[in-house]
Amino acid sequence: MSVFLIILLVLGGFIALLLVVALFVKKEYEIQREIAINKPKLEVFNYVKYQKNQDHYNKWLMADPHARKSYSGADGTVGFVYAWDSDNKKVGKGEQEITKVDEGEKLDLEIRFIKPFQDTAQISMATDSVPGNGTRVQWGMRGKNKYPFNLMHLFIDRMLGKDLESSLVNLKAILEKN
């Protein structure tokens, strides 16, 4: 057999293996990270509910300070849409919309990615009081992907989880500085 044929067979076998593995991977994913912030709950919630504040702590939005941004509606209220468009492939193009606000407690958003891929996910940011007048912030994301793209769910927690963690560390630094 020629080397080329062997390479094709090995590559084809590897792709077939990945497709079989994807059959057994959940189509839904969910990741969540949290951090304690030494500030009162209401102060923390009132900062995170305003989407424009993400420019200062969200790792993805901070990756391109020159991204084109647009806004629709009243920030911090249901229906507010924050859109971005960047030439940086790590930032891409998309928008997020506030879908529910439980004042002082939780914020739900829908994020719609347009570039470099199309996808939709649900995001939540919740605040809980902790002893000593502090606040625990939980930031979560959930979504789903069809077969065979669900294969990336095996890696999504590690990939996106690190970015959520660093964004929460940025948030903590900002709020505890004031």
Side-chain angles (χ1 to χ4, degrees), residues 25-65 67 69 75-76 78 80-84 86 88-145 149-178:
V25 175
K26 291 182 182 179
K27 295 194 177 37
E28 298 85 25
Y29 67 88
E30 186 168 350
I31 56 173
Q32 183 171 304
R33 296 295 189 270
E34 62 182 55
I35 197 165
I37 299 176
N38 296 317
K39 286 289 183 176
K41 178 179 162 183
L42 192 55
E43 183 178 337
V44 173
F45 183 82
N46 284 337
Y47 187 83
V48 298
K49 83 174 182 177
Y50 292 104
Q51 298 306 288
K52 291 179 184 178
N53 287 336
Q54 286 193 37
D55 288 346
H56 308 291
Y57 67 89
N58 184 316
K59 180 178 178 171
W60 296 298
L61 296 175
M62 293 169 60
D64 183 2
K69 298 173 185 164
D75 197 357
V78 172
F80 177 77
V81 177
Y82 178 117
W84 68 92
S86 171
N88 181 332
K89 290 182 181 180
K90 291 181 181 178
V91 179
K93 180 178 182 178
E95 63 184 19
Q96 61 186 26
E97 179 178 355
I98 298 175
T99 57
K100 184 177 180 185
V101 178
D102 290 333
E103 202 58 50
E105 301 289 328
K106 186 177 178 192
L107 182 70
D108 290 332
L109 303 109
E110 180 175 273
I111 188 165
R112 298 177 285 267
F113 301 102
I114 300 167
K115 286 185 196 173
F117 57 89
Q118 291 190 353
D119 196 17
T120 301
Q122 307 305 310
I123 298 173
S124 66
M125 294 190 81
T127 54
D128 294 312
S129 295
V130 296
N133 205 26
T135 304
R136 179 181 62 188
V137 177
Q138 295 176 318
W139 191 350
M141 177 185 275
R142 61 182 162 69
K144 57 185 169 181
N145 287 297
F149 301 105
N150 62 317
L151 188 63
M152 65 184 192
H153 295 177
L154 296 173
F155 313 101
I156 202 163
D157 189 78
R158 278 179 276 170
M159 292 183 328
L160 296 180
K162 288 181 183 181
D163 291 341
L164 285 178
E165 288 170 9
S166 66
S167 296
L168 285 168
V169 168
N170 292 340
L171 176 64
K172 178 180 176 79
I174 288 168
L175 290 172
E176 289 183 354
K177 184 178 179 182
N178 295 333

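Note that the structure is predicted; figures quoted are calculated from it, not measured. Residues: numbered from 1 along the sequence shown.
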### Message
Are the side chains of Asp128 and Glu34 in contact, using a 4.5 Å heavy-atom criterion?
### Response
no
### Query
Any chance NZ of Lys69 has more than 12 other-residue heavy atoms, nucleotides or ligands included, within less than 6.0 Å?
yes
### Message
Side chains of Lys49 and Glu103, heavy atoms from C-beta outward: is any pair under 4.5 Å?
### Response
yes
### Message
Is there a side-chain contact (heavy atoms from CB on, under 4.5 Å) between Leu107 and Gln51? Walk through the geometry before answering.
### Response
CA-CA 10 Å; Leu107 182 70; Gln51 298 306 288; 3.3 Å; yes
### Query
Do Glu105 and Lys41 have side-chain heavy atoms sitting under 4.5 Å apart?
yes
### Query
How close do Ser166 and Lys59 get, heavy atom to heavy atom, and via which atoms?
OG-CD, 3.2 Å
### Task
Answer whether the closest heavy-atom distance between the side chains of Gln122 and Glu110 falls below 4.5 Å.
yes
### Message
Using modelled atom types and a 3.5 Å cut-off, is there a donor and acceptor pairing between side-chain atoms of Lys115 and backbone atoms of Lys89?
### Response
no
#### Entry: Straight-line distance of Met125 CE to Gln32 CD, nearest 0.5 Å
11.0 Å
### Message
What's the separation between atom CZ in Arg136 and atom CD1 in Ile35, rounded to the nearest 0.5 Å?
### Response
12.5 Å
### Task
Quick one: pull up CD in Glu28 and CG in Asn145 and give me the separation to the nearest 0.5 Å.
10.0 Å
#### Entry: Chi angles and distances behind the side-chain contact (heavy atoms from CB on, under 4.5 Å) call for His56, Asn170
CA-CA 8 Å; His56 308 291; Asn170 292 340; over 6 Å; no
### Query
Does a side-chain heavy-atom distance below 4.5 Å link Met141 with Tyr29?
yes
### Query
Do Trp84 and Asp64 come close enough that some side-chain heavy atom pair is under 4.5 Å?
no
### Query
Are side-chain heavy atoms of Leu164 and Trp60 found at a separation under 4.5 Å?
yes
### Between CG on residue Asp108 and CD1 on residue Ile98, distance to nearest 0.5 Å
10.0 Å
### Task
Rounded to the nearest 0.5 Å, what's the gap from NZ on Lys39 to CG on Leu171? Could you check?
12.0 Å
### Query
Is the number of heavy atoms from other residues, nucleotides or ligands under 6.0 Å of Lys27 NZ greater than 12?
yes
### Message
For a side-chain contact (heavy atoms from CB on, under 4.5 Å) check, start with the C-alpha distance between Val137 and Val44, then their side-chain angles and the critical distance, and finish with the verdict.
### Response
CA-CA 8 Å; Val137 177; Val44 173; 3.5 Å; yes
### Task
For residues Glu176 and Ile37, determine if any side-chain heavy atom of one lies less than 4.5 Å from a side-chain heavy atom of the other.
yes
### Lys144 versus Asp119, closest heavy-atom pair with distance
O-OD1, 3.9 Å
### Task
Over all heavy atoms of both residues, which pair between Lys106 and Ser124 is shortest? Give the atoms and the distance, please.
CE-CB, 3.7 Å
### Task
List the atom of Val101, the atom of Gly76, and the distance in Å for their closest heavy-atom pair.
CG2-O, 3.9 Å
## Note on the structure
Nearest heavy-atom contact between Gly92 and Pro116 is CA-CD, 4.2 Å
### Query
Roughly how far apart are Asp163 CG and Leu168 CG, rounded to 0.5 Å?
11.0 Å
### Query
Under the 3.5 angstrom rule, does the side chain of Thr127 hit a backbone N or O of Leu42 as a donor-acceptor pair?
no
### Query
Can you list the steps and then say if Leu61 with Tyr82 is a side-chain contact (heavy atoms from CB on, under 4.5 Å)?
CA-CA 11 Å; Leu61 296 175; Tyr82 178 117; 3.6 Å; yes
### Message
Please check: side-chain N/O of Ser167 versus main-chain N/O of Asn58, any donor-acceptor pairing under 3.5 Å?
### Response
no
### Task
Decide, yes or no, whether a salt bridge links Asp157 with Arg33 under the criterion of side-chain N to carboxylate O below 4.0 Å.
yes
### Query
Does Asp75 reach the main-chain N or O of Lys52 with its side chain, forming a donor-acceptor pair under 3.5 Å?
yes
### Query
How close do Leu154 and Arg158 get, heavy atom to heavy atom, and via which atoms?
O-NH2, 3.3 Å
### Task
Hey, can you tell me if Tyr47 and Tyr57 have their rings parallel, tilted or perpendicular (30° and 60° cut-offs)?
tilted
